[in-house]
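Just the heavy atoms: all of them, side chains too, but no hydrogens, waters or symmetry mates, feed the values below.
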Amino acid sequence: LKWTLIGRYREGTHSIYSTFYLKHWLVEQFVKKSFLAAGTNTRGWNFSLGQNFMRVLFMRMLGANISLSATITTQVEGWDLVEVGDMASVHGPHLLTAVTYMKKEMILRRQRIGRGATLNHGVVVAPGAVIKDGTFVESLSSVPMGMVCDGGRWSGVPARRIADEPFDRTRPRQISKGTSRRIHSDEDEDMPSFRSGVHWRMVWSGFIFMLAPISMLPFSAGAGMISIWGSRWIVGDWDPQAFAMYTEATSLVNDTDVAINFTISGLTDIRTGVSDELPSVLMGNIWFFTLLIPFYTILSEIFQLLAPVLVCRLLPCVSTPLDVPVWSWRAVVASTKLITATEASYILGDASIQAWYFGLCGAKIGKGCIMSEQIMLPETVEIGKNSFFATGNTFSSVEVDQGRFRIPCKTIIGDECFFGNDNHIVEGIPTQTFVGIRTWVPTMPAEASSLFGNPAMRFARADALGEKPQSSCWAIFWFHFSSSFIDIFVWKILYSLQQGLSCDIGRTIFPEYPKTGWYGHFAAEVCLFALVDLIGWYLVSVVLVRCIYNDRVPQQNHFLSRQVMAWFNAQKIRKVFLPPFGGAQGTLWHASWLRMIGAKVGKRLFSATPDFLVDPIFARLGDDITVNYGAQVQQHSFEDHMLKWGPN
């Protein structure tokens, strides 16, 4: 589709809603549903060699100039204008894009990432920026359009050079087994290039690990067949009508040229020319199978939460410090634990059992800690008592740099600490430290303080007013029940029932497809599925959410209050009941969708991001606003056990 509609991306400027933008938008929608956008729940920490190798292959087919030995854990846009050199590492979750939007214009600029360069977690690189060979950009940094990072170590918003590396990073390091000592000196003229054996080890390792998921397909198919036949055994497998049809067809096949097609999905009746694509045992008990969906949903969620615990507990322990090639078994074990634990944490969301769950996975977490979605390698994290963690924090020293997987140290968090959103802590922080939003803390601070930003700046903070409010037994019970049962299971059960209802209605209206003209029935059933999906989204994600969470709630609420629990419910519902058509981002209908969920939006809004409003009911947006990739507008703050909302 990309080669048919666009051909090659070229540098230039196009108006929003132009023909070129329409072509780009269509291609982008298909890519978001493809393998290239998979793994978003790991927030750019999916270092799977097989998945990375397949992603790079697909991006090269789309025109990107990306080395097969590069590590890319994020989505790429404007492929023909993106260059990534040998052994480079680009971490997510922010897009690596040659496309940006400013003042209602679509701007395309070439983006170059040199050989051996590393963009650590959370780095934003604007189109037109150049990262030269061997440059290391630290986490949560921003490289604006036109900036050239010419080697050394860069950090900050905007990024600036903070140090030179002790060795030449433009040449690959040859690491002896069990050490990080560099064998060759910088003056060695025979120093191997990035196209040396290390490069090809990365390529071949990626190819080999790419085959690992394929090897699991027979086991997945076998489990599916066991489930199907087990269900048929429960409801009974004897169908006299199907047996009579088979007998008659067998007797006729010797006298006619009729082709009889018996498949696993159904049986064609040669007498009437009507085909039933579902097994007769399912057609006869279709409502019974719908009632089984909630049990299947619960079991599926339990398995997804149990699997990471088994992985973290049964696989060998990860010791620190660690510095090994990314294809070594130690790196594979560590990355697998990091990926599975992070994915499970995002399934749990704001559940009260987050801290307990990470403890099951191997983390040492003290009593009284409250967590939302976090990113960590559990057995390398130690956390004290009575700390609070908002969404999206990273507690890890993991680095993937020039084909090496490193964990320099453990991450140790003191008692009674507070973390806002999207911070990255490497070594740890002392007791009673306050960390704001998107704060990068690479080393352990000497004393407790309040930190914010990159580089982390210290600031004075007023003491909390009054004592911590006491919660009733009912409030504590509802916090655990609502966040750890309703939000994890109930909303997904409702969504699965919606899908089952679509199937039931469709098969009731169209129990059989005629041999001729079946495409009309098929199109009608597809429209029925879309209609039920749209109605379900509107009733649950719009009507129900606006009943339990709207701008009439008090603007200051204790953490365990009913209003905050309703906020948790609303956030989880909108993650499960996703808007049809992707929320219509990038189109003229996006503003209408935002108004439906409670935002007050002016005229001519353009947004390349579907859900950039964290609390839409308190959003107040003016006219002619352009929202770029990855932007986010937050209408709440949390401190001193109080959640505070307010119009922006």
Student: Are side-chain N/O atoms of Q498 and D533 paired as donor and acceptor at under 3.5 Å?
Tutor: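 Short answer, yes.
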
Student: Out of curiosity, K644 NZ to N557 CG, how far, rounded to the nearest 0.5 Å?
Tutor: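 Rounded to the nearest 0.5 Å, the NZ-CG separation comes out at 11.5 Å.
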
Student: Kindly write out the residues that satisfy ring pair (Phe, Tyr, Trp, His ring centres under 6.0 Å) with Y495, not counting sequence neighbours, or none if the list is empty.
Tutor: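 Expected list: F577.
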
Student: Using a strict 4.0 Å threshold on nitrogen-to-oxygen distance, state whether E447 and R458 make a salt bridge.
Tutor: yes

Student: Which residues satisfy the side-chain contact (heavy atoms from CB on, under 4.5 Å) test with R546, sequence neighbours excluded?
Tutor: V542

Student: NZ of K575: more than 12 outside heavy atoms within 6.0 angstrom?
Tutor: yes

Student: Between S139 and H424, does any side-chain donor sit less than 3.5 Å from a side-chain acceptor?
Tutor: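 Judged by distance alone, the side chains do pair up.
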
Student: Assess whether atom CE of M102 is packed by more than 12 heavy atoms of other residues, nucleotides or ligands within 6.0 Å.
Tutor: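 No, the 6.0 Å shell around CE holds no more than 12 heavy atoms from other groups.
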
Student: Taking the basic N atoms (NZ, or NE/NH1/NH2) and the acidic carboxylate oxygens, is any pair closer than 4.0 Å for D401 and R406?
Tutor: yes

Student: Quick one: sort the F485 and F489 rings into parallel, tilted or perpendicular, breaks at 30° and 60°.
Tutor: tilted

Student: Is the distance from the ring center of F418 to that of F389 below 6.0 Å?
Tutor: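 Ring centres of F389 and F418 not closer than 6.0 Å.
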
Student: Kindly indicate, with the supporting measurements, whether the criterion ring pair (Phe, Tyr, Trp, His ring centres under 6.0 Å) is fulfilled by Y101 and Y629.
Tutor: CA-CA 8 Å; Y101 298 96; Y629 288 120; 5.5 Å; yes

Student: Out of curiosity, L621 CG to F612 CZ, how far, rounded to the nearest 0.5 Å?
Tutor: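 These two atoms lie 5.5 Å from each other.
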
Student: If we ignore angles and hydrogens, is there a donor and acceptor under 3.5 Å between the side chains of N423 and W440?
Tutor: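 There is no such pair between these side chains.
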
Student: Could you check whether any side-chain N or O of T439 sits under 3.5 Å from a backbone N or O of V435, counting only pairs where one atom can act as donor and the other as acceptor?
Tutor: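 Pair absent, no side-chain N/O of T439 close to backbone of V435.
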
Student: Working to the nearest 0.5 Å, report the span between CG of L605 and CG of L594.
Tutor: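 Atom-to-atom, L605:CG and L594:CG are 6.5 Å apart.
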
Student: With no hydrogens and no angle check, do the side chains of S482 and N569 hold a donor and an acceptor under 3.5 Å apart?
Tutor: yes

Student: Could you check whether K385 pairs with E416 (Lys NZ or Arg NE/NH1/NH2 to Asp/Glu carboxylate O, under 4.0 Å)?
Tutor: no

Student: Please confirm whether the backbone N or O of E138 pairs with a side-chain atom of S141, one donor and one acceptor, at under 3.5 Å?
Tutor: yes

Student: Can the ring centroids of F452 and F434 be said to lie less than 6.0 angstrom from one another?
Tutor: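 Here the rings of F434 and F452 have centres that are no less than 6.0 Å from each other.
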
Student: Quick one: sort the W478 and W474 rings into parallel, tilted or perpendicular, breaks at 30° and 60°.
Tutor: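 Correct class here is parallel.
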
Student: For atom OH of Y538, decide whether the heavy atoms of other residues, nucleotides or ligands shown that lie under 6.0 angstrom number more than 12.
Tutor: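 Atom OH in Y538 is not crowded, with 12 or fewer foreign heavy atoms closer than 6.0 Å.
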
Student: With a 4.0 Å cut-off, would you call D415 and K367 a salt bridge?
Tutor: no

Student: Can you measure from OG1 (T74) to CZ (R55) and round to the nearest 0.5 angstrom?
Tutor: 8.0 Å

Student: For F638 and F388, take the angle between the two ring planes, folded into 0 to 90°, and tell me which bin it lands in: parallel under 30, tilted 30 to 60, perpendicular over 60.
Tutor: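 Rings of F638 and F388: parallel, as their planes differ by under 30°.
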
Student: Side chains of E373 and T391: any donor to acceptor distance under 3.5 Å?
Tutor: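 Side-chain D/A pair, T391 to E373: present.
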
Student: Give me the ring orientation class for F618 and W645: parallel if the planes are under 30° apart, tilted from 30 to 60°, perpendicular past 60°.
Tutor: parallel

Student: Within this structure, what is the CG-CZ distance for the pair N421 and R438, rounded to the nearest 0.5 Å?
Tutor: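 The CG atom of N421 sits 10.5 Å away from the CZ atom of R438.
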
